[in-house]
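Both backbone and side-chain heavy atoms feed into the values below; hydrogens, waters and symmetry mates do not. As the structure lists them, so they are numbered: ligands from 1, and atoms in each ligand from 1.
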Amino acid sequence: MTAAKVILDCDPGQDDAVALLLALASPEDIDILGITTVAGNVPLGLTQRNARMICDIAKHVDTAVYAGCDRPLFREPTTAEHVHGETGVNGIDVFEPETPLRETHAVDYIVETLRAAEKDSITLVPTGPLTNIAAAFQRDPGVVEHVRRIVLMGGAMREGGNYTPSAEFNIYVDPEAADIVFNCGRPIIAFGLDVTHQVLTTRERLAAITALNNPVSEAVVGMLDFFDRFDAEKYSSEGAPLHDACTVMYLLRESLFESRHCNVAVETQSELTLGHTTVDFWHVSQRPRNVQWVHKVDADGFYQLLVERLSRYGDSQ
Ligand code: RIB
Ligand code: CA
């Protein structure tokens with residue numbers, strides 16, 4: 001099977017960082033065309049720097065990294081330093097990365113890359129607010145048909161919200177962008193909190209990553225040691241959900257996940273429930289099915305494959 005041509009759009013964030021490291025370790029499955037960054041967990045100046053730091057840590061300094069939108073389409077920025085720390089990747093020391101920041105704006109890069117590609121050929125993997133993706137589709141609606149599928153982290157159904165009682169962070173930050181993306185007409189595979197909260201970084205799983213004893217696994221454990229404290233306290237859970245890594249893991253092994261084709265709609269008007277994702281899991285409305293909503297995962301299989309791919313960094317160091 002040939003590797004999927006992928007643009008990773010992210011707001012690192014420790015869980016975005018693990019998703020990037022998993023993708024960078026899996027060239028037989030994922031051909032990373034570029035990494036685009038967006039304001040989200042922390043401001044854009046930090047998310048783009050963090051993405052480049054991760055490329056350095058992975059020893060992939062030739063990866064094309066772009067900075068995109070520094071604020072949502074219509075709203076003031078919302079950040080999550082309370083979860084990710086002031087750097088966005090607390091748990092590792094920050095440094096000036098060797099991986100360069102490309103001059104092209106991420107939205108221009110996405111538009112140009114899609115326009116130049118064959119139809120139905122590029123996989124978009126957004127793991128932050130959907131501002132860059134929506135802006136690209138608004139800039140040139142003709143590029144949408146060059147998207148093969150969108151594999152995104154965002155939303156929630158039964159799990160409730162993690163930023164407001166009814167909204168998950170990525171969707172809450174830019175609900176208008178999410179509305180544009182969910183209604184773009186291309187295949188969408190969505191990983192909401194209902195499934196991401198099934199892949200917790202338990203002590204046993206962290207120990208397996210620690211045992212790899214390579215520079216990348218060390219960085220991952222450092223980041224997750226910090227990242228899990230917020231969710232562990234909030235949900236009294238053992239560990240933190242590796243939200244964003246679910247998207248990349250799906251590209252490696254779809255069989256780990258179960259999904260259902262549903263209508264998913266985004267609240268963009270109500271102040272009380274802004275950013276809520278209404279998932280019509282039982283198809284009680286007549287709204288068209290637009291999303292494969294992932295609701296189940298083999299968590300042990302997820303971590304076995306994560307450890308196997310992270311172990312590759314020991315071979316290449
Ligand atoms: O709600 C979880 C999502 O918000 C993840 O993508 C995390 O990185 C933050 O961006
Ligand atoms: Ca993210």
Ion pair D280/R289, N-O distance below 4.0 Å: no

R309/D29 salt bridge by N-O under 4.0 Å criterion: yes

Short N-O contact, E118 and R148, less than 4.0 angstrom: no

Backbone N/O of F281 and side chain of R260: donor-acceptor pair under 3.5 Å: yes

Listed pairs under 3.5 Å, donor-acceptor, residues 224-234 side chains, sequence neighbours left out:
from	atom 1	to	atom 2	distance (Å)
D225	OD1	R203	NH1	3.4
D228	OD2	R203	NH2	2.7
K234	NZ	N162	O	2.9

Distance below 3.0 Å from the Ca ion (ligand 2): protein N/O/S atoms: D11 OD1, D16 OD1, D16 OD2, T127 O, D244 OD2

Atom-level proximity to ligand 1, residues with heavy atom under 4.0 Å: D11, D15, D16, N41, H84, T127, M153, N162, E168, F169, N170, H243, D244

Heavy-atom donor-acceptor pair, E258 side chain to V297 backbone, under 3.5 Å: no

Pair D179-T268, side-chain donor/acceptor within less than 3.5 Å: no

Any donor-acceptor N/O pair, N263 side chain to V284 backbone, under 3.5 Å: no

Under the salt bridge (charged side-chain N to carboxylate O under 4.0 Å, His left out) test, residues paired with E159 that sit two or more places apart: none

